[in-house]
There are 2 protein chains.
Amino acid sequence: MKPTVHDIASEAGVSLATVDRVLNGRPGVRAPTRERVLAAIQKLGFVRDVAAANLAKGRVYPLVFIVPANDNSFMAALRGEIAAAGMRGAQERTAISILTVPAFDIPALVRALDAARAEKPAGVAVVAIDAEPVREAVARLAADGIPVVTLVSDLPDSARSHFAGIDNEAAGRTAGSLMGRFLDGRRGAIGIIVGSLDVRDHRERLDGFRAAISAPYPDLSLLSPLEGRDEPERVHQMVSRLLAEEPELLGLYSLGAGNRGLIRALEERRPARPIRVIAHELTPHTRGALETGLIDTVLNQDAGHEVRSAIRVLKARADGQPVIAAQERIRIDIFLKDNLP
Amino acid sequence: MKPTVHDIASEAGVSLATVDRVLNGRPGVRAPTRERVLAAIQKLGFVRDVAAANLAKGRVYPLVFIVPANDNSFMAALRGEIAAAGMRGAQERTAISILTVPAFDIPALVRALDAARAEKPAGVAVVAIDAEPVREAVARLAADGIPVVTLVSDLPDSARSHFAGIDNEAAGRTAGSLMGRFLDGRRGAIGIIVGSLDVRDHRERLDGFRAAISAPYPDLSLLSPLEGRDEPERVHQMVSRLLAEEPELLGLYSLGAGNRGLIRALEERRPARPIRVIAHELTPHTRGALETGLIDTVLNQDAGHEVRSAIRVLKARADGQPVIAAQERIRIDIFLKDNLP
DNA sequence: AAAAATCTGATTTACGTACCTCAAAAATCC
DNA sequence: GGATTTTTGAGGTACGTAAATCAGATTTTT
């Protein structure tokens with residue numbers, strides 16, 4: 001049968017209290033005694049029963065999630081996943097609160113981070129904006145011993161202890177690699193729609209896409225990226241114009257949000273020339289467009305996975321336990337109409 | 001604070017014992033009283049603390065996994081994942097034992113199922129072979145009240161209560177959809193390598209692939225499938241010959257195992273004509289071939305996910321609890337060299 | 001109306017760990 | 001060698017649920 005702390009105690013010839021002191025790193029155990037206990041743990045293959053341990057300590061992990069009040073489908077889904085995780089909070093002993101801040105608003109984000117700090121939570125997850133004041137606010141949290149993980153959008157060279165999101169450069173390369181294969185052997189242009197080049201994620205995706213296309217496919221030229229600001233209206237206008245004015249257009253890569261506008265523009269185009277379209281984030285809109293064939297491929301980051309990963313990492317950090325990085329890597333999912341989940 | 005059984009008891013004005021009877025479906029509660037308790041549960045939003053419950057019942061779930069002794073990478077990985085789940089058994093209160101049986105050996109599989117039945121486990125997971133004697137053995141398990149889930153390979157119209165694997169027809173369609181886009185506008189032939197057409201999964205993949213190619217891409221002709229029996233040697237021979245003799249060959253779809261042979265044949269081909277290659281299962285071999293560009297795309301089913309899903313389902317079934325089907329659906333992963341995990 | 005069957009309540013123990021207190025033993029210091 | 005500090009032991013309570021027992025209440029059957 002599975003060994004318990006009692007078995008460890010008798011195996012090591014010490015009392016339960018001593019085993020407890022060793023297991024939980026409490027003071028008051030001489031080195032040789034500690035060794036005996038550790039040896040017994042090793043020998044019997046003891047593993048702490050996490051469920052019982054959590055039950056015993058009755059600990060709850062107050063976590064704060066800071067997300068932009070952006071109204072695109074992805075952010076809505078992300079907030080939904082956080083809320084869902086909050087519902088499960090009872091089971092997982094987390095108490096999750098959500099702070100929404102205006103999108104792209106650096107001072108507001110900094111205020112939110114400081115507000116979170118004031119509550120002394122066990123951890124903070126934040127959809128970061130890549131700016132110095134944000135780094136400083138994160139550093140303040142870290143100084144207080146509050147672990148911070150960035151969610152979806154990273155903040156490199158900061159005190160954040162983990163990034164729960166995809167490798168956006170790799171995502172861009174993946175899109176480029178696919179587009180290249182789709183259009184291999186043809187000569188023409190590819191249009192690119194970004195949200196904003198001030199956003200790190202979008203820059204990285206663009207870099208990856210360019211790298212994957214330019215060298216291997218010299219016959220494919222990349223048009224200069226159109227900034228749609230993640231707004232459907234604007235995206236619609238830009239894409240409509242592009243479709244009308246660019247006869248050589250073979251493909252479209254939409255690496256930001258606002259795909260509603262893109263889809264509408266595609267639906268409206270008069271000569272239904274075949275164009276390969278790759279977009280990001282699986283939402284009701286992009287899913288529909290996949291199914292009708294307007295979009296060929298959607299790259300996706302699973303918001304649910306990201307949220308759950310962030311929670312796991314924050315709990316582990318709060319307990320001072322290590323994180324298995326490989327296990328927390330968020331995949332870049334590729335969806336065609338045929339493998340929709 | 002999170003409500004407990006005690007809160008339910010006082011809210012409903014009954015004793016703890018009655019709440020327990022309602023919660024665990026034990027007899028001895030009149031309908032009106034049961035209603036009161038259920039109303040209290042509803043009102044307070046009580047959720048049973050699974051950890052505490054498991055701790056209290058101290059139950060372990062003996063599970064038997066029956067897998068073929070096949071030596072291909074995928075089955076090896078599957079066995080590895082089962083073993084890994086066994087290691088975690090202590091935490092999850094499962095006691096997993098593995099039975100390996102000779103591949104494609106129906107009588108051996110039936111014997112293994114009956115042997116498992118004799119041990120009266122809480123559940124059985126089996127990589128099924130689509131044959132009547134197997135159905136009968138599964139029916140015997142079901143008759144004993146032992147839930148059975150099929151793993152990787154399904155057994156439709158049987159008493160199995162769940163299938164932990166991918167939709168192979170959809171996987172074939174996905175491959176076809178990709179291949180069609182890769183080769184769109186060209187005229188030529190696509191070679192298909194299957195393991196055996198006697199295996200249900202392979203038949204389904206083939207059907208899906210054909211459906212996705214033939215109608216939309218009339219210029220692409222599908223060569224008749226080569227049966228490689230999942231043996232690298234045989235696959236190597238067949239593919240080498242195909243590459244040499246079929247000048248029009250534009251693409252290859254390998255929907256079974258034995259991809260070592262395929263990769264070797266591709267490495268050896270003299271005129272390095274560009275051929276689009278889609279294969280199944282991410283293994284060290286296919287991963288390497290993706291990275292060097294010999295293979296364009298790999299479709300994958302995550303063995304770890306399948307094993308963990310099977311365990312979750314078996315535990316739920318053993319407890320008589322419902323399964324959220326959507327949550328247990330296994331995804332068809334698409335990998336290019338750029339989004340390898 | 002009595003007997004039997006069914007339902008309900010109160011109480012207790014157990015699961016494996018955390019954490020606390022108090023006392024005893026051992027080591028260290030002056 | 002006595003005083004002080006450190007280490008260890010022993011024991012208990014708590015977490016939230018499961019499961020059992022036994023007594024008492026209610027209903028159903030005879």
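Protein chains get the first letters and strands the later ones, always in sequence-line order, with residue 1 at the start of each. Computed over heavy atoms, backbone and side chain alike; hydrogens, waters and symmetry mates excluded.
- Where DNA chain D meets chain A (any atom under 4.0 Å from a heavy atom), the bounding nucleotides read 5' to 3' are dT7(D) to dG16(D).
- Searching all strands for a Watson-Crick or G-U wobble partner of dT6(C) with both distances below 3.5 Å returns dA25(D).
- Residue pairs satisfying the salt bridge (Lys or Arg N to Asp or Glu O under 4.0 Å) criterion with at least one member in residues 75-84 of chain B, sequence neighbours excluded, are listed as follows: Glu81(B)-Arg308(B).
- One N or O on the side chain of Asn72(A) and one on the backbone of Phe74(A) form a donor-acceptor pair closer than 3.5 Å.
- The main-chain N or O of Ile332(B) is found under 3.5 Å from a side-chain atom of Asn339(A) such that the two form a donor-acceptor pair.
- Remark: Asp130(B) pairs with Arg135(B), Arg200(B) by the salt bridge (Lys or Arg N to Asp or Glu O under 4.0 Å) rule, at least two apart or across chains.
- Formation of a donor-acceptor pair under 3.5 Å by the Asp7(A) side chain with backbone atoms of Thr4(A) is found in this model.
- Listed by first then second residue, pairs satisfying salt bridge (Lys or Arg N to Asp or Glu O under 4.0 Å) with a partner in residues 31-42 of chain B number zero, not counting sequence neighbours.
- Residue pairs satisfying the side chain to side chain donor-acceptor pair (under 3.5 Å) criterion with at least one member in residues 153-162 of chain A, sequence neighbours excluded, are listed as follows: Thr150(A)-Asp154(A), Ser153(A)-Asp201(A), Asp154(A)-Arg160(A), Ser161(A)-Arg317(A).
- One can place CZ of Arg34(B) at 13 Å from P of dG9(C), the figure rounded to the nearest angstrom.
- Remark: the backbone N or O of Leu282(A) is paired with a side-chain donor or acceptor of Asn300(A) at under 3.5 angstrom.
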Checklist line | Contact state string [nucleotides 17-26 of chain C, B base, S sugar-phosphate only, - no protein heavy atom under 4.0 Å] | finding: BSB-------
